[in-house]
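Throughout, protein chains are lettered first and strands after them, A, B, ... in sequence-line order, and every chain is numbered starting at 1.
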Amino acid sequence: MSTVIPTFTAVCTFGYLAVPERQVSAMTTETLPPVTRFAPSPSGHLHVGGARTALFAWAFAKGRGGRFVIRIEDTDQKRSSDAASVGFLKDLEWLGIRWDEGPEFTAPDGTVVGGGPNGPYFQSERLAIYNRYLEQLLVEGKAYEAWDTAEELDAMRKAAMARKEAFRYRYRGAVSDAERAAFLAEGRQPVIRFRSPERDITIHDEVLGDATLPLGEVDDFVIRKKDGFPTYHFAVVVDDELMGVTHVLRAQEHFTNTAKHMVLQDALGFRRPVYGHLSIIKNPDDSKMSKRDKDKVLRKAVHDRAVTEPPMGTVSVEEWSQWLGDANIQLELEGAIRLGEALGVQLPEINVDDFRRSGYLPEVLCNFLALNGWSPGGDIEKFDNAFLRERFGLDRVMKTPAKFDRVKLLAFNTDAITGMDPVEFARRCREHAARFRPEFLEALDPSAFALLMKATQERSKTLDDPFRANGFLLVADDELGFSDDKNVRKALGIGAARADGARSGLDHLRALRDLLAGASDWSQAALEQLATAYAAEHAGGKIGAVAQPLRIGVSGSTVSPPIWDTLVLVGRDRALRRIDRCIAWSATLA
RNA sequence: GGCCCCAUCGUCUAGCCUGGUCCAGGACACCUCCCUUUCACGGAGGUAACGAGGGUUCGAAUCCCUCUGGGGUCACCA
């Protein structure tokens, strides 16, 4: 039996790629509108790396009058394929990335996204299609059944390793009917392997350039698993062809897989899409960004603080001990958030939804994501998806992995919020609160909510900041805690020596308390006027000397929105009650 | 380890293809000062990079080679 398969050892043809690079892109954009796709495996959440891939694929197609397709790669039966498995679709929609074809999805505004003529878009529903092509390859002798067990394969791999070689599976001759029957009788199930051509394979990549894999690097890989499902390699090739995909933009981890896809395309007589492989996104510490990073942070906090049992109301004791017992176990999201809060640690944002929860704007996230691995050139940094769509091209995609700098993201978000129309800011905050901070919508009437927005916009870095920092607005007056820290003591003048006759912060607070009680008008302007007049007379005109004690009195700490706004927000009765409690509390301080 | 790819401030990057205009530009971060009722914002200034070594050239961040470093991949996962 010859190991050479003459039917398809022909030189690898490049289809419509067989012309120089520049002409190719020109040609593909002029002759056929590009079709790109985003093809994730099922997941409830969209990872930022995936979001960037989707964003680029979307921008590429839409900027050239093409189509953007979503396909779910659920050929692994071990992964679930229920409705929750496409939870990530809402993340895409939130980012403003809409697909022309793919799973159906109803956006919050009622628009139905998805569907299309090339479905189904779940690979698990396309088995009949794959089997047709599998059959074709089998009949043509381009694929064959292989009967090796996992143990046998493992042994071969070990033997190869002992010889310091990479293991490559190759065709070992025909299996006779008798052998086949014997395998079957043993209960063995065959896989189908592709008979790879024995030649060098040159991958052409619009981002990374050409790369030639030497002969033998691509072995006879499995194209149908024992369970009857196609492997990723096979499904992806068939689907890209059938869905008319012209440009494949995907993560760099697929780069060498491309060779497998190319030989498959040749064997099936398929067209060859243009490939572009995107570098990965890393954490600032060089590790790969991963869902497990959240658990890592929590485990470290638990360990550092020697916490021995789950804080009240976080996770159950069973979950806790299981989680601590096995570093591979991930806490479910809500529990992780509660635990993070209880331990006072900030969980790293990994998924798109994490950033949404933290109060980032979708347009900023897109902008920033695009900047990690692509640049429009020159000094342009801030842009929206419309711009990206207009300008995005594979020629400016970075080859090197980028570290995801949340600090810079925050700075971008801050700029966007600071520059936002106040009405829009309030609208977005309300939306955010409805989803993540409902208690604020319940506790604050519309005018108070509006005032909070006005008072916090210019100091907010995220849509969550107006709420996160101002929990004191919601607590009952007699439950407000006053923080006993250096700044508080200093502002109140606790334990500080002072010149004869000079009033301490606490003295100011006492005096102000009575002035406030008798104020005729509880408005920002009136309150400021009142305090300014007092300060001129008793605090050497230093407004800070009276503002800080007041701030502590009503908010419990030295940080709050502008004090006059804060007073109005809290209201006179509550402010006075709080100040009284603060005065009483400070008496307990040495 | 085999194979493949990559390499500019701490970070994201511009410049590289078509060597000189680059003793390398922008942004974030950092430092100093200013503003200030807290926090934050804002304003002015500053520190900071072509991984190393060889070539080619009148001239190299830009072209070539070697080394070093980093990444990806070697599944019946995608």
Side-chain angles (χ1 to χ4, degrees), chain A residues 39-42 73-76 78-79 123 146 148-150 153 157 160-161 164-168 189-193 203 205 207-214 216-219 221-227 229-233 235-236 250-257 259 277 279-280 282 284 286 288 368 371-382 395-396 398-412 414-415 418 456-461 465 469 487 491 528 531-532 535 542-548 550-552 555 557-564 566:
Chain A
S41 44
E73 312 239 312
D74 57 349
T75 56
D76 185 5
K78 288 190 280 291
R79 303 195 195 190
Q123 290 185 329
D148 316 79
T149 62
L153 250 14
R157 231 168 249 129
M161 217 185 304
K164 292 192 188 284
E165 286 170 15
F167 173 60
R168 305 283 177 228
Q189 294 283 322
V191 298
I192 295 177
R193 285 182 181 269
I203 301 171
D205 186 292
V207 173
L208 300 175
D210 287 357
T212 300
L213 296 196
E217 269 303 302
V218 177
D219 71 352
F221 53 97
V222 173
I223 54 179
R224 190 179 72 177
K225 300 178 267 186
K226 206 161 50 181
D227 63 10
F229 278 79
T231 59
Y232 161 74
H233 304 299
V236 96
R250 55 174 24 164
Q252 211 174 47
E253 64 198 78
H254 292 298
F255 184 61
T256 39
N257 287 337
H277 289 92
S279 59
I280 61 161
K282 297 194 293 177
D286 266 333
K288 194 171 169 179
F368 188 72
L371 231 35
N372 273 254
W374 181 78
S375 145
D379 293 340
I380 302 172
E381 269 202 313
K382 302 278 182 71
D395 53 334
R396 296 194 65 88
M398 211 64 55
K399 301 178 183 186
T400 48
K403 287 180 199 169
F404 193 84
D405 184 0
R406 291 186 182 76
V407 179
K408 184 162 178 173
L409 205 215
L410 224 212
F412 273 40
T414 307
D415 288 351
T418 311
T456 52
Q457 179 173 4
E458 68 172 26
R459 72 206 66 242
S460 289
K461 294 170 188 279
D465 280 0
N487 292 336
E528 178 168 10
T532 306
K542 290 191 345 216
I543 195 76
V546 302
Q548 281 304 79
L550 270 178
R551 194 184 306 281
I552 294 162
S555 81
S557 83
T558 53
V559 179
S560 85
I563 185 61
W564 322 124
T566 304

Q: With His277(A), which of Asn257(A), Asp205(A), Thr256(A) fulfils side chain to side chain donor-acceptor pair (under 3.5 Å)?
A: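 Testing each of Asn257(A), Asp205(A), Thr256(A) against His277(A), the sole residue satisfying side chain to side chain donor-acceptor pair (under 3.5 Å) is Asp205(A).
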
Q: Mind checking Ser460(A) for me? I need base, sugar-phosphate or nothing, with any heavy atom below 4.0 Å counting as a touch.
A: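 The answer is nothing, as Ser460(A) stays clear of every strand by at least 4.0 Å.
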
Q: Distance check: side-chain N/O of Arg193(A) vs OP1/OP2 of C76(B), anything under 4.0 Å?
A: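 So the side-chain polar atoms of Arg193(A) do come within 4.0 Å of the phosphate oxygens OP1 or OP2 of C76(B), strictly under.
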
Q: Quick one: the side chain of Glu381(A) and the base of G26(B), do they pair up donor-acceptor inside 3.5 Å?
A: yes

Q: By nearest atom, which of the nucleotides C28(B), U37(B), C4(B) is closest to the Ala411(A) side chain?
A: C28(B)

Q: If we take the P atom in both A27(B) and G20(B), what is their distance in whole Å?
A: 24 Å

Q: Tell whether Lys408(A) reaches the base of C12(B) with its side chain through a donor-acceptor pair below 3.5 angstrom.
A: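 Answer is yes: a donor-acceptor pair is held.
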
Q: Name the closest nucleotide to the Glu253(A) side chain, picking from G72(B), A29(B), C3(B).
A: G72(B)

Q: Under 4.0 Å between any heavy atoms, over every strand shown, what does Lys226(A) touch: base, sugar-phosphate, or nothing? Just pick one.
A: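 The answer is base, as Lys226(A) lies within the cut-off (heavy atoms under 4.0 Å) of a base atom.
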
Q: Under the salt bridge (Lys or Arg N to Asp or Glu O under 4.0 Å) rule, collect the residues that match up with Asp379(A), sequence neighbours excluded.
A: none

Q: May I ask you to evaluate whether Lys399(A) reaches the phosphate of G72(B), defined as a side-chain N or O under 4.0 Å from OP1 or OP2?
A: no

Q: Measure the spacing between OG1 of Thr558(A) and CD of Gln548(A) and express it to the nearest 0.5 Å.
A: 6.0 Å

Q: On the side chain of Arg459(A), is there an atom forming a donor-acceptor pair with the base of C41(B) - under 3.5 Å, no angle test?
A: no

Q: Report the base-pairing partner of C28(B) (Watson-Crick or G-U wobble, both distances below 3.5 angstrom), or none.
A: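 By the stated definition (distances under 3.5 Å), G10(B) pairs with C28(B).
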
Q: Atom CG of Leu153(A) and atom C1' of A75(B): how far apart are they, to the nearest Å?
A: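 Distance check: Leu153(A) CG to A75(B) C1' gives 9 Å.
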
Q: Once you round it to whole Å, what is the distance between C1' of C3(B) and CD of Glu217(A)?
A: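 Answer to the nearest Å: 4 Å.
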
Q: Return the 5'-most residue of the pair Thr418(A), Phe404(A) with respect to RNA chain B, ranking by each residue's nearest nucleotide.
A: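 Between the two, 5'-proximity favours Phe404(A).
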
Q: What's the closest nucleotide to the side chain of Glu458(A) if the choices are U37(B), A40(B), C74(B)?
A: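 So the nucleotide nearest the side chain must be A40(B).
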
Q: Indicate whether OP1 or OP2 belonging to A75(B) is found under 4.0 Å from a side-chain N or O atom of Arg157(A).
A: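 True: Arg157(A) side-chain N/O within range (under 4.0 Å) of A75(B) OP1/OP2.
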
Q: Verify the contact: side-chain N or O of Thr75(A) to OP1 or OP2 of A78(B), cut-off strictly under 4.0 Å; return yes or no.
A: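 Yes.
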
Q: Need the pair for C74(B). Rule: Watson-Crick or G-U wobble, both distances under 3.5 Å, any strand; none if unpaired.
A: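 Paired with G1(B).
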
Q: For the pair Arg193(A) (side chain) and Asp219(A) (backbone), establish whether a donor and an acceptor sit closer than 3.5 Å, ignoring hydrogens and angles.
A: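 Not at all, since once roles are kept as given, no pair shorter than 3.5 Å links the two residues.
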
Q: With heavy atoms under 4.0 Å as the rule, sort Glu73(A) into base, sugar-phosphate or nothing.
A: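 The answer is sugar-phosphate, as Glu73(A) gets under 4.0 Å only of primed atoms, P, OP1 or OP2.
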
Q: Taking the nucleotide of RNA chain B with the closest heavy atom to each, which residue, Lys382(A) or Arg396(A), is nearer the 5' end?
A: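 Result: Arg396(A).
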
Q: A61(B) and A75(B): how far apart are their P atoms, nearest whole angstrom?
A: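 To the nearest whole Å, 43 Å.
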
Q: Determine which nucleotide pairs with C35(B), using a 3.5 Å limit on both distances of a Watson-Crick or G-U wobble pair.
A: none

Q: Round to the nearest Å and state the distance from Met398(A) atom CE to G71(B) atom P.
A: 18 Å

Q: Measure CD1/Ile280(A) against C1'/U73(B) and give the value in whole Å, please.
A: 12 Å

Q: Gln252(A) has an atom CD; how far is it from atom P of C6(B), in whole Å?
A: 9 Å

Q: Is it possible for you to check whether Lys382(A) lies under 6.0 Å from the centre of the six-membered ring of Phe412(A), through NZ or CZ, and within 45° of that ring's axis?
A: yes

Q: Does the side chain of Lys542(A) get closer than 4.0 angstrom to OP1 or OP2 of U38(B) through an N or O atom?
A: no

Q: Ignoring backbone atoms, establish whether Lys461(A) has a side-chain N or O less than 4.0 Å from OP1 or OP2 of C41(B).
A: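 Checking C41(B) against Lys461(A), a side-chain N or O does come within under 4.0 Å of OP1 or OP2.
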
